[in-house]
**Q** 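Below are the structure tokens for one structure; questions will follow.
All of these numbers come straight from a predicted model, not from anything done at the bench.
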Amino acid sequence: MRILHTADWHLGKTLEGRSRLPEQEAVIDEIVEIVQKENIDVVLLAGDAFDTVNPPADAEKLFYEALSRLSDYGKRHVAVIAGNHDHPGRLSAAAPIANMHAITLLGFPTDRVQQIHVPSSDETLMIGALPYPSEARLNELLAEECDEALLRARYDERIRAIFAKMNESFREDAVNIAMSHLYVAGGATCDSERPIELGGAYTVSPASFPAQAQYVALGHLHRPQDVKHAVMPARYSGSPLAYSFSEAGYSKSVTIIDVQPRCTPIISEYLLSKGRPLVKWKAEGLAQVYRWIEEGRDRGAWIDLEIDVEQSLTLEETHRLRKLYDGFVHIRPNYLKKEEVIREVHTDVPIETLFTRFYERQTGGGKPSEEIVQLFLQLVAEEDEQ
């Protein structure tokens, strides 16, 4: 049996107001191509299909179109669980009609194992699928005291109990897979993930996974990575696109699992190529930025630009950069000359000089233009008149 594991699509997510939907469409096209090319029998989506509990209509449309294509309109099974970004009720609302097309949608935590017959491999798949299990979604109060260590212990115990219950339903003559959306201790995080561990309280130990699971498919962390210290293979597939500049330089992928009953699975990573990469630039002045743009450096990427300057960038310069290349997301000046903080005000110092010093302190070394200084003096004069 061949299983494709993906997670954290975050459909509808933007980058500082810039739509990523065309990139999300492209990467879903790529995943569909991989599923067809690699003869995948089952697709697992381990949570955070959407970026918000109330996603835009275009994102929902893309999601259901993707499920139809991945399932090949009912010929291939697809299983989806809710992540912390998803609305559990909204995700599972379409379950009755989705089930008719070999698509399983699970919103709320459950200890019930999904039994699926996979015709393409003529095997049975048992999926211990646990959607994002917060206290609210578990509908339980795990600890009355506001003690982080106690809550962490109680939470881990509760998750361990759910997985133990699932373990009872796993079968030796079937392929046994666990799937969840949670934070496992020791995982490497990114800025684009919404924290779910509450300072560590919602952290789960790898020892809590069901002992009979042959593979644990996880969602939440956006960097593809194996879980350390897990007895069985356990992995975060990562997000298919980079969603923050903390992910700059990291490859994106899906995970493919080749597995048979009673056998150790073979895990492989299939790299993705679609979507605009997120890149950081550190430039020594405007001239270098203009040269990079002319050379076509990182053409098609989203750029976080830090630029060394001696004076503050004017609006005209900023607009010109954005006009030359629409990929600039952040343009952050790094002032080379920083004056010492003025701690005393001398009455014999001209007010425009004091204002210039103040402006430089507030901007980290930038110098105000003559227009700004004159505007300040005009405001001071108007205040004196009043």
Side-chain angles (χ1 to χ4, degrees), residues 13-20 22-23 189-195 222 241-250 275-386:
K13 188 174 181 63
T14 61
L15 182 64
E16 301 293 338
R18 297 161 178 80
S19 175
R20 308 293 301 278
E23 298 172 74
T189 62
C190 298
D191 292 344
S192 57
E193 299 146 4
R194 183 177 302 162
H222 290 182
L241 294 176
Y243 286 120
S244 75
F245 285 98
S246 65
E247 301 171 67
Y250 285 89
R276 299 177 67 168
L278 273 60
V279 177
K280 293 183 178 182
W281 281 6
K282 178 69 168 66
E284 298 176 354
L286 275 171
Q288 188 173 50
V289 179
Y290 291 140
R291 186 168 66 253
W292 286 345
I293 293 174
E294 185 177 350
E295 293 170 352
R297 178 177 179 178
D298 295 317
R299 176 57 61 182
W302 297 113
I303 305 294
D304 174 73
L305 171 62
E306 181 181 346
I307 176 172
D308 292 340
V309 294
E310 294 186 357
Q311 295 185 351
S312 58
L313 294 173
T314 65
L315 286 176
E316 289 78 11
E317 288 170 333
T318 301
H319 288 322
R320 183 170 182 236
L321 286 174
R322 295 192 183 281
K323 187 176 181 179
L324 287 172
Y325 181 54
D326 66 356
F328 287 119
V329 177
H330 304 127
I331 299 177
R332 295 178 289 107
N334 177 41
Y335 297 103
L336 297 178
K337 295 181 180 180
K338 297 183 179 181
E339 302 291 341
E340 293 184 357
V341 175
I342 307 300
R343 301 186 181 277
E344 298 181 5
V345 177
H346 301 282
T347 56
D348 59 343
V349 177
I351 190 169
E352 58 265 34
T353 301
L354 293 175
F355 171 72
T356 299
R357 292 173 179 174
F358 171 79
Y359 186 93
E360 291 175 354
R361 292 202 308 272
Q362 295 300 108
T363 61
K367 296 184 182 299
S369 64
E370 182 63 27
E371 291 81 2
I372 292 177
V373 174
Q374 291 303 319
L375 177 59
F376 169 73
L377 293 176
Q378 180 182 341
L379 292 173
V380 171
E382 291 176 356
E383 180 69 19
D384 289 343
E385 290 177 3
Q386 295 176 3

**Q** Got T356 and P368 here, is their nearest side-chain heavy-atom distance under 4.5 Å?
**A**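 Yes. Closest side-chain heavy atoms under 4.5 Å.
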**Q** Provide the closest heavy-atom pair for T14 versus S19 in the form atom of the first, atom of the second, distance.
**A**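 Taking every non-hydrogen atom into account, CG2-CA, 4.3 Å.
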**Q** Short question: side chain of E23, backbone of R20 - any donor-acceptor pair under 3.5 Å?
**A**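 A pair under 3.5 Å: no.
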**Q** Can you tell if the side chain of L278 reaches within under 4.5 Å of the side chain of I303, non-hydrogen atoms only?
**A**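 The answer is no, as the side chains (C-beta and beyond) never meet within the 4.5 Å cut-off.
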**Q** Quick check: do F245 and V329 have side-chain heavy atoms less than 4.5 Å from each other?
**A**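 Yes. Closest side-chain heavy atoms under 4.5 Å.
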**Q** Can you name the one residue among W292, W302, W281 that meets ring-ring contact (aromatic ring centres under 6.0 Å, His included) with F328?
**A**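 One option only clears the test, and that one is W281.
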**Q** Which heavy-atom pair separates G285 from I307 by the least distance, and what is that distance?
**A**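 Closest heavy-atom pair between G285 and I307: C-CD1, 3.6 Å.
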**Q** I'd like to know if R276 and D326 make a salt bridge, using a cut-off of under 4.0 Å between side-chain N and carboxylate O.
**A**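 A salt bridge is present here (some side-chain N lies under 4.0 Å from a carboxylate O).
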**Q** Pair R291, E294 - check salt bridge (charged side-chain N to carboxylate O under 4.0 Å, His left out), show working.
**A** CA-CA 5 Å; R291 186 168 66 253; E294 185 177 350; over 6 Å; no
**Q** Going by the side chain to side chain donor-acceptor pair (under 3.5 Å) test, name the single residue among E370, E371, Q378 that passes it with Q374.
**A**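 For Q374, the side chain to side chain donor-acceptor pair (under 3.5 Å) check succeeds only for E370.
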**Q** Taking the side chain as every heavy atom from C-beta outward, state whether I351 and L377 have any pair of such atoms under 4.5 Å apart.
**A**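 Counting from C-beta outward, I351 and L377 do come under 4.5 Å.
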**Q** Go through the steps to decide whether Y290 and R320 satisfy the test side chain to side chain donor-acceptor pair (under 3.5 Å), and finish with yes or no.
**A** CA-CA 10 Å; Y290 291 140; R320 183 170 182 236; 3.2 Å; yes
**Q** Sub-3.5 Å donor-acceptor pair from the side chain of Y243 to the main-chain atoms of L15, do we have one?
**A**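 Side chain of Y243 to backbone of L15, a donor-acceptor pair under 3.5 Å: no, none is there.
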**Q** Apply the test ring pair (Phe, Tyr, Trp, His ring centres under 6.0 Å) to residues H222 and Y250: give CA-CA distance (whole Å), side-chain angles for both, the deciding distance (0.1 Å), then the verdict.
**A** CA-CA 10 Å; H222 290 182; Y250 285 89; over 10 Å; no
**Q** Identify the residue among R332, K282, K280 that makes a salt bridge (charged side-chain N to carboxylate O under 4.0 Å, His left out) with D304.
**A**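 Checked R332, K282, K280 against D304; only one passes salt bridge (charged side-chain N to carboxylate O under 4.0 Å, His left out): R332.
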**Q** Hey, is the main chain of E284 close enough, under 3.5 Å, to the side chain of Q288 for a donor-acceptor pair?
**A**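 It does hold such a pair.
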**Q** Within the side chain of R18, is there an N or O that forms a donor-acceptor pair under 3.5 Å with the backbone of E16?
**A**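 Side chain of R18 to backbone of E16, a donor-acceptor pair under 3.5 Å: yes, one is there.
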